Amino acid sequence: MTMDLSDETVAAASAREPVISARDVRVWYGTTRGAIRAVDGVSFDLAPGETLGLVGESGCGKSTLGRGLMGLLPEGAKRDGEVLFRGRDIFTLSRKASYQLRGRELGMIFQEPLTRLNPLMRISQHFEETIKQHEHGLSKDEIRDRALEVLRLMGIPPTRYKSYPHEFSGGMRQRLMIALALVLRPAFVVADEPTTALDVLVEAQIVQILNDLRRNFQTSLLLITHNVGIVAEACDRVAVMYAGRIVEQGTVAEVFKHPQHPYTRELLRSTISLTTTGLNFIPGAPPDLVDPPDGCRFHPRCPSAMNVCASKNPVDIERPGGGRVECWLVGPEDQIPPGGKQPLKQEELTVADEA
Amino acid sequence: MPTKPDTEAPDLLVDVRDLSVHFALRGGTLSRLFGRDSGTIRAVDGVNLSLRPGEVVGLVGESGSGKSTLGRALLGLVPATEGSIRLRDQDLAQLSRRRLRQIRRVVQMVFQDPNAALNPSMTVEEAVGDALRVHGMKSAAERRAGVVDALERVGLSPVELFLSKYPRDLSGGQKQRVVLARAIVLNPTLLVADEPVSMLDMSVRAKILQLMLDLKHDLDLTYVYITHDLATAKYFCDRVAIMYLGRVVEIGPTEEIFAHPRHPYTKALMAAIPEPDPDKMVPRDLPRGEIPDAAQPPLGCAFHPRCPEAVSGCGWESRDLRTLVEEHWLRETAAYDEERTVIGDLAHLDAPSTSATIGSGGSAQVRAILEGMKAEDPDEPLWSGVQSIEDAGSGVTVSFEPAPSPALRRAGGVEVACVLYPDEG
Amino acid sequence: MRGTPRALLKPFTETTGLARWMLVAGVLLTAVFVVFAVFAPWIAPYGFAQASSGGTPFPKLGHPSSQHWFGTDRLFFDVYSRVIWGARTALKVVVLSIVLCVLLGVPLGLASGYYGGWFDRFVVLVMDAMYAFPSFLLAIVFSFLLTNVYGGSVVAVSLSLTAVYIPQYFRVVRNTTLSAKEATYVEAARAIGASDGVIMRRYLLQNVIQSVPVLGTLNAADAILTLAGLGFLGLGIQSTDAAEWGHDLNRALADAGSGVWWTGLYPGLAIVLLVTGLTLVGEGLNETLNPTLRRRRLLPVVMPPRNVSTPAEEEQG
């Protein structure tokens, strides 16, 4: 299976090896009811300096995927698949090796910044701690210079270097967290809903900073968010996740302008923006991931579902215009059984099964 | 429909006049021990707002703008410090606690987080029915009839499926419907909705908003819609009040505000909404910084430290000078170490004042640095607000032109509180 | 309340391994003593202060025999009967004192936490003072005072145990109230017009008493020991008023030197077993009801092997 890198926008990047190449990643949680298939067979590539937006609604597995890549899963979760980071499979690394990789090569930015900063440590100490753990033999001045440089790019003045976390506002703390994640210049960073806890204007500021990352750092970013607007603003490519699977991925312009998967289309239509003139929503609720529906997982809610969608799993294929999509509406024609294209008779969805 | 500040208008449902809600700030252990007053937060500071029956009024602003406090004051959930809240012919600010509880038959509230707004140990029937029970409906059969009716209205049918469910068995959207059912079961006239959809998933938001519009139509409700999201406000509201640090900075009909935003804060909020269409993206001039500490709001116009359109008369002060110096160092990293020794500590500038003394390395040197900064960005509006720079010890004292906080003034079809829009007279 | 049977079974269904074993063993042990207590008149062959049967006096310090399974003591009483009747006394005292603790401590903690202010400060001060006192000493003092009023009765001892344990209920309920009253659902209750009384009764109470059952069982175990201690010191219930293990142990002290082991062994064993049983129940409940200790059952995840050519086919399996 080859991933699309044929789009013109990423054509330059495709010349180089992808930083992250994930194949068939699965993360399941064990419960008394059976395994929750939070992430169930996800594949994507990330080129150097590229930002991939992972978008989906709550419970679709996007955060689990991010944590799974970082090896930060809770007890009782099991991950499987192949994630090549510069040719090494990070899922098979030893505990110690993956710990060393985190922070230095792989970074993570969380939603709630205050809980990740030690209230008793000055910002300078946070930086010293982080840098010393991974790069030995740097003097205090060298550390300071490196920290101030990153802080400058985040818009934090040098006068605040000796301050404590509580002296910063929410947006400043998130900038600090980004600076701490980037000070070691990791090749790959996962940002898990980094702006959700922030005010609208501050959110826009942080989005702008993330947008500038590409210019200032050679960092590949996996930006996890539920906000399609942020994806449009800050990402090169987008992967739309539904019920544990990436149902469509491609460049932001392509996917958002010509969505091929009905879920992508409906998600975009239900988003309320300043240009909204009517309210649209997706009926029903996402499926129970212990026992997902047969065939396409979206078929019970899909307005364009066909007979084949309820019985046969959709095939991951190249989408017209570049990228990948999993939907029988797009094809492949030759695998649809006869009569499979008849519209599916669906039971009416009521509020009783609503999200 | 321009809002006439006509107090005697008989068709008003709610008329809020000069309302202030202040909270005493609880300081650290020491100041509490000595009973010292550690300041007050002016959560709502002199707000006027009127609601006509059947209207949807949006209160829009960031957290800390006072929009939620204003909404809660409409139910008497927070006490008014000054001013009046007239609901028909009663002033909520003067009512006793007991009378206020009765008022809540008429004014109801919907909360942001549906997961937290329902008692985890009450079933749906108990939760919705309790509103009837506290207002004296003793018969369980009557209550059930009321609950069933309310649940049907919010679309939770078949009702039997939901009556005995606990909140933990429901999805986010379903919980918000239960919260709405509890709010309408008493047949109120006014519903205060505090960010009713912001915790919900995108695909559910539209459903709940549509439901609220249907309820308004069916039950002749009046809404106060509190949100930080201008996009939903634009779709949902007839009139919008933009709030910043406890004050209304712009208020008027939705169409007019969105077609011609006047206050720079309104413009900033509109620009901050990420547009999902990649074609429509525009480079944005975002305001810097964050909403300031409400215990020590900026002098003059509260928005001026972040305002991209600020001018000389906005009320510049010592804290702005600190920000300016720090931003200068952000750009001129190389000069930082050297200049820092001349300028010295900046922390004392945090006490708001129209005169700021800085520098410890000689008046001439400090002057030179300030001149350099001015040359770097001559358009910076702070400089136009400077009255004088005088030598003081080994530094200089910068005096700013004092300015009052701008009042709401008529501008076109709306009212704006901004020095850029002087009274049309 | 619907779902009560399921809620009662929850501690069993949600625990595994050691925790469940502890709970089951504890419940069984405790149940035996509850049966003793309830059916004492039918289980015990004689009364607790009976020195003769059918005109035949019992032997003094008689060896265990078919007539007297656990022998007799120096007051001619049947030890077996006194152990059974002792269970009744113990449970009476413990249940009464815990009911009093809950009835007084829970509302007091609720009101104190909800209203705050000077009322809260005053009650906290009193409760903290009581809590700071060594508990056994406090029990002795209260026993002294109350014995003058009520005599050496079950009520007097129960009241003194209540005084010992009530601060714990107060504190737990007050602290949970303090955090629960900030919840949105409390504000929502206010927004529908609920009065303070309604909010405390219908909204806060059910959410703040969740840790009370655990506290109750653990305190019960402790109370058995305190009761026995009081009896041992002669401050508890007189042996002609009721059978009380601690008091029996006190009298057995003199027998031990002369090789009479049965008067001490059986009451002692009863204390140990009941305390163990109650502690096991408490700890077992703690595992399920206490959110800080509660851990989800982790079940092994079995993933079908990957490596099938397309992910689509893989899922069909």
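Every value quoted in this text rests on a predicted model; they were computed, and no experiment measured them. Letters A, B, ... are given to chains in the order of the sequence lines, protein chains preceding strands, and every chain is numbered from 1.
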A.B. asks: Relative to chain A, which segment of S63(B) carries a heavy atom at a distance below 4.5 Å: side chain, backbone, both, or neither?
C.D. replies: both
A.B. asks: Step through the shown structure and confirm whether more than 12 heavy atoms of other residues, nucleotides or ligands are within 6.0 Å of CD on E255(B).
C.D. replies: no
A.B. asks: Check salt bridge (Lys or Arg N to Asp or Glu O under 4.0 Å) between R319(A) and all other residues, then give those that pass, not counting sequence neighbours.
C.D. replies: E248(A), E254(A)
A.B. asks: Rounded to the nearest 0.5 Å, what's the gap from CG on L153(A) to CG on L330(B)? Could you check?
C.D. replies: 9.0 Å
A.B. asks: Look up atom CG in L230(B) and atom OG in S273(A), then write down how far apart they are to the nearest 0.5 Å.
C.D. replies: 12.0 Å
A.B. asks: Of the backbone (N, CA, C, O) and the side chain (C-beta and beyond), which part of Y265(B) lies under 4.5 Å from a heavy atom of chain A, both, or neither?
C.D. replies: side chain
A.B. asks: Please check if the number of heavy atoms outside R146(A) that lie under 6.0 Å from its CZ is greater than 12.
C.D. replies: yes
A.B. asks: Among all residues two or more places apart in sequence or in another chain, which pass the salt bridge (Lys or Arg N to Asp or Glu O under 4.0 Å) test with K267(B)?
C.D. replies: E309(B)
A.B. asks: Look up atom CD1 in I208(B) and atom CG in L279(A), then write down how far apart they are to the nearest 0.5 Å.
C.D. replies: 11.5 Å
A.B. asks: Please classify the contact of I156(A) with chain B as side chain, backbone, both or neither, using a heavy-atom distance under 4.5 Å.
C.D. replies: backbone
A.B. asks: E327(B), R205(B), Q210(B), K175(B): which one forms the most heavy-atom pairs within less than 4.5 Å of chain A?
C.D. replies: Q210(B)
A.B. asks: Assess whether side-chain hydrogen bond (donor to acceptor under 3.5 Å, both in side chains) is satisfied between S203(B) and E57(A), documenting all intermediate values.
C.D. replies: CA-CA 8 Å; S203(B) 67; E57(A) 295 180 271; 2.5 Å; yes
A.B. asks: Which answer fits R288(B), side chain, backbone, both or neither, if we ask what part of it has an atom under 4.5 Å from a heavy atom of chain A?
C.D. replies: backbone
A.B. asks: Under the rule for salt bridge (Lys or Arg N to Asp or Glu O under 4.0 Å), what residues qualify as partners of D192(A), not counting sequence neighbours?
C.D. replies: R67(A)
A.B. asks: Does anything in residues 157-164 of chain A reach chain B? List residues with heavy atoms under 4.5 Å apart, or say none.
C.D. replies: P157(A), P158(A), T159(A), R160(A)
A.B. asks: Does G289(B) offer a backbone N or O that forms a donor-acceptor pair with the side chain of Q205(A) under 3.5 Å?
C.D. replies: yes
A.B. asks: Is any side-chain heavy atom of I272(A) closer than 4.5 Å to one of V197(B)?
C.D. replies: no
A.B. asks: Does K207(B) reach the main-chain N or O of I282(A) with its side chain, forming a donor-acceptor pair under 3.5 Å?
C.D. replies: yes
A.B. asks: Report yes if some heavy atom in the side chain of I273(B) is under 4.5 Å from a heavy atom in the side chain of V200(A); otherwise report no.
C.D. replies: no
A.B. asks: Of all heavy-atom pairs between M202(B) and L267(A), which one has the smallest distance, and what is that distance?
C.D. replies: CB-CD1, 4.3 Å
A.B. asks: In Å, rounded to the nearest 0.5 Å, how long is the span from CD1 of I291(B) to OG of S169(A)?
C.D. replies: 11.5 Å
A.B. asks: Which heavy atom of T276(A) sits nearest to which heavy atom of Y235(B), and what is that distance?
C.D. replies: O-CD1, 4.0 Å
A.B. asks: Is the count of non-hydrogen atoms from other residues, nucleotides or ligands lying under 6.0 Å from E332(B) atom CD greater than 12?
C.D. replies: yes
A.B. asks: Need one label for T277(A): side chain, backbone, both or neither, based on atoms under 4.5 Å from any heavy atom in chain B.
C.D. replies: backbone
A.B. asks: Side chains of D199(A) and E290(B), heavy atoms from C-beta outward: is any pair under 4.5 Å?
C.D. replies: no
A.B. asks: Answer yes or no: is there a side-chain heavy-atom contact under 4.5 Å between F281(A) and V204(B)?
C.D. replies: no
A.B. asks: Please classify the contact between L200(B) and chain A as side chain, backbone, both or neither, with a heavy-atom cut-off of under 4.5 Å.
C.D. replies: neither
A.B. asks: Report yes if the side chains of E62(B) and L201(A) come closer than 4.5 Å at any heavy-atom pair, otherwise no.
C.D. replies: yes
A.B. asks: Measuring only between side-chain heavy atoms, which start at C-beta, is P274(B) closer than 4.5 Å to V207(A)?
C.D. replies: no
